[in-house]
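To find a chain, count down the sequence lines: A is the first, B the second, and so on, and within it residues start at 1.
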2 protein chains.
Amino acid sequence: MPPPRDLSPEKAEQILAGAMREFLENGFAGARIDKIVAAAKVSKATVYRHFPDKVALFNVLIQRMAAKKELFELQNMQSFDEEPAIVLRRHAEKMLDNVATDPQILTFLRIIIGESGRFPLLAQAFIRDVEKPALDGLTRYLTLHPKLKIADPEVTARAFIGTLIHFVLFTYVLHGKDIMPIERDRLLDELLALVIKPK
Amino acid sequence: MPPPRDLSPEKAEQILAGAMREFLENGFAGARIDKIVAAAKVSKATVYRHFPDKVALFNVLIQRMAAKKELFELQNMQSFDEEPAIVLRRHAEKMLDNVATDPQILTFLRIIIGESGRFPLLAQAFIRDVEKPALDGLTRYLTLHPKLKIADPEVTARAFIGTLIHFVLFTYVLHGKDIMPIERDRLLDELLALVIKPK
DNA sequence: GTCTATATCAGGATAGAC
DNA sequence: GTCTATCCTGATATAGAC
């Protein structure tokens with residue numbers, strides 16, 4: 001549902017921009033409207049003229065972030081010319097680079113998972129807009145590439161992406177880097193061997 | 001070193017029991033001391049006599065929950081008599097059963113991940129007490145079992161457990177069941193084939 | 001040592017001026 | 001339509017009785 005028409009969309013954007021950092025850093029319950037107001041350089045009344053309440057603001061913001069599909073960047077695997085090992089590794093590396101260099105993605109993952117109990121629809125928006133496209137794209141690639149004979153491409157895609165996401169959660173989100181570090185290249189080498197190598 | 005205050009450990013347990021549900025359901029910022037007090041059937045002053053503040057109470061509770069290592073139950077893989085495929089499948093099934101039947105584990109995962117930005121030490125306690133033992137146990141099993149010749153057991157363990165945890169997060173925590181369902185048996189079949197890979 | 005009662009203050013949300 | 005100023009609920013934390 002788009003914001004009401006008789007209000008300036010410019011201010012709405014301003015509010016959403018200010019709300020982003022606050023919600024990402026502090027979660028829903030921890031976010032303070034005052035901070036959002038200060039960051040957006042708008043008065044509190046203006047916020048409540050554009051959004052009925054805190055919940056609605058949160059919903060709009062998170063759904064919009066989930067709709068930015070560049071998060072995992074694992075689609076667009078159209079070309080079948082190159083070796084699958086090369087293509088898969090490049091995509092995995094790009095995804096990990098994205099995440100490792102942009103702390104906002106980490107906090108976004110924290111929010112989506114942390115609030116998935118109270119905001120199930122937001123969690124499902126994330127599944128629909130981020131995870132599903134990545135899984136579908138990879139499944140399609142594994143199915144169609146002439147050099148590959150994967151028994152169950154859908155499950156293989158889940159294993160591939162699941163291992164990567166778990167690596168991200170473990171290493172960066174949960175700060176496992178200091179406790180059980182692992183070389184990224186080593187993980188990718190063996191993961192590719194598991195997925196691609198025919199039995 | 002502060003002198004030990006007089007307080008009954010019995011009341012402390014009572015408070016922690018009451019705090020569990022509230023913190024799990026609402027996260028740190030969303031949890032209300034009043035609710036904890038009501039659930040524990042204790043007065044508010046008693047809570048503050050046993051714990052300096054809300055943060056300390058949260059820390060004790062979550063660290064204690066993480067120390068319950070039965071969460072993932074993937075260690076104790078000592079016997080090398082049976083077929084690896086049988087053993088691995090049984091352990092994976094038990095882990096998934098645990099999680100699927102106990103909603104508290106799902107909310108615990110939400111909390112640990114959701115609060116990992118503000119409470120990094122709790123996240124690391126989870127890594128140390130839950131994830132690491134499971135990974136180490138599986139790595140050891142994959143390394144020592146005479147019938148297996150795994151190139152990189154450590155990464156293979158990460159792929160196995162990572163795929164399972166991602167499945168749990170995707171399906172149950174993020175409510176992906178309704179959007180992209182997948183048969184548990186099918187996932188396990190192919191995952192085992194990928195990991196064990198008979199030649 | 002635990003309770004009742006309360007201090008203190010911040011939060012979300014609104015009324016009214018312009 | 002936006003701002004200033006304010007309401008009021010409800011939160012954490014404490015003081016003082018027993």
Side-chain angles (χ1 to χ4, degrees), chain A residues 1-63 111 114-115 117-119 121-122, chain B residues 2-63 111 114-115 117-119 122:
Chain A
M1 194 149 66
R5 288 170 299 273
D6 54 339
L7 302 175
S8 81
E10 187 178 292
K11 290 274 179 191
E13 291 308 316
Q14 221 172 310
I15 294 165
L16 285 169
M20 172 140 48
R21 214 178 49 117
E22 179 66 8
F23 275 129
L24 283 182
E25 272 181 11
N26 303 104
F28 174 75
R32 300 300 161 209
I33 297 279
D34 283 348
K35 297 278 186 65
I36 294 176
V37 161
K41 281 167 189 146
V42 182
S43 83
K44 209 183 286 192
T46 301
V47 169
Y48 282 96
R49 189 163 293 280
H50 286 256
F51 301 93
D53 57 11
K54 195 182 172 185
V55 171
L57 179 55
F58 184 67
N59 270 287
V60 170
L61 182 73
I62 299 296
Q63 267 183 5
I111 290 271
E115 306 288 351
R118 269 146 296 164
F119 296 90
L121 294 183
L122 293 184
Chain B
R5 287 175 298 177
D6 280 344
L7 29 77
S8 75
E10 185 178 292
K11 289 276 178 189
E13 291 309 315
Q14 220 172 312
I15 293 166
L16 286 169
M20 173 141 47
R21 215 177 48 121
E22 179 66 9
F23 275 128
L24 284 181
E25 270 180 14
N26 302 104
F28 174 75
R32 301 301 159 204
I33 297 280
D34 282 349
K35 298 278 186 66
I36 294 176
V37 161
K41 281 166 191 149
V42 181
S43 84
K44 210 180 290 191
T46 301
V47 169
Y48 282 97
R49 183 165 294 279
H50 286 254
F51 301 92
D53 56 11
K54 194 183 172 185
V55 171
L57 179 54
F58 184 66
N59 270 288
V60 170
L61 181 71
I62 300 297
Q63 266 184 6
I111 291 270
E115 307 287 353
R118 269 147 294 160
F119 296 90
L122 292 185

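Rounded to a whole Å, the CZ atom of Phe28(A) is 14 Å from the P atom of dG11(C). Arg49(B) has its CZ atom 15 Å from the P atom of dA13(D), to the nearest Å. Here the P atom of nucleotide dA13(C) and the NE2 atom of His50(A) are 16 Å apart, to the nearest Å. Between Ile15(B) atom CD1 and dC3(C) atom C1' the separation is 13 Å, expressed in whole Å. Atom-to-atom, OH of Tyr48(A) to C1' of dC7(D) comes out at 13 Å; the value is rounded to the nearest Å. In this structure, Asp34(A) atom CG and dT6(D) atom P are separated by 16 Å, rounded to whole Å. Atom P of nucleotide dG12(C) and atom CZ of Phe58(A) are separated by 13 Å, given to the nearest angstrom. The distance from atom CG of Leu57(A) to atom C1' of dA13(C) is 14 Å, rounded to the nearest whole Å.
Ile62(A) CD1 to Phe23(A) CZ: the interatomic distance, rounded to the nearest 0.5 Å, is 7.5 Å. Distance check, rounded to the nearest 0.5 Å: CD1 of Ile36(B) to CD1 of Ile15(B) gives 9.5 Å. One distance of note links CZ of Phe28(A) with CG of Leu61(A); it measures 12.0 Å at 0.5 Å rounding.
Residue Asn26(B) comes nearest to Arg118(A) through the heavy atom pair O-NH1, 3.2 Å, listed as atom of the first residue, atom of the second, then distance.
Ala29(A) comes within 4.0 angstrom of nothing in the nucleic acid, heavy atoms only. Base engagement by Lys44(B) is indicated by at least one non-hydrogen atom pair under 4.0 Å involving a base atom.
The phosphate of dC3(C) has OP1 or OP2 within less than 4.0 Å of a side-chain N or O from Thr46(B). Contact check, Ser43(B) against dT2(C): no side-chain N or O comes under 4.0 Å of OP1 or OP2.
The side chain of Ala45(B) lies closest to dC3(C), out of dC3(C), dT4(D), dA13(C).
Each of Ile33(A) and Lys41(B) has a nearest nucleotide on DNA chain C; the 5'-most of these lies closest to Lys41(B).
The backbone N or O of Ala31(B) lies less than 3.5 Å from a partner atom in the side chain of Lys54(B), making a donor-acceptor pair.
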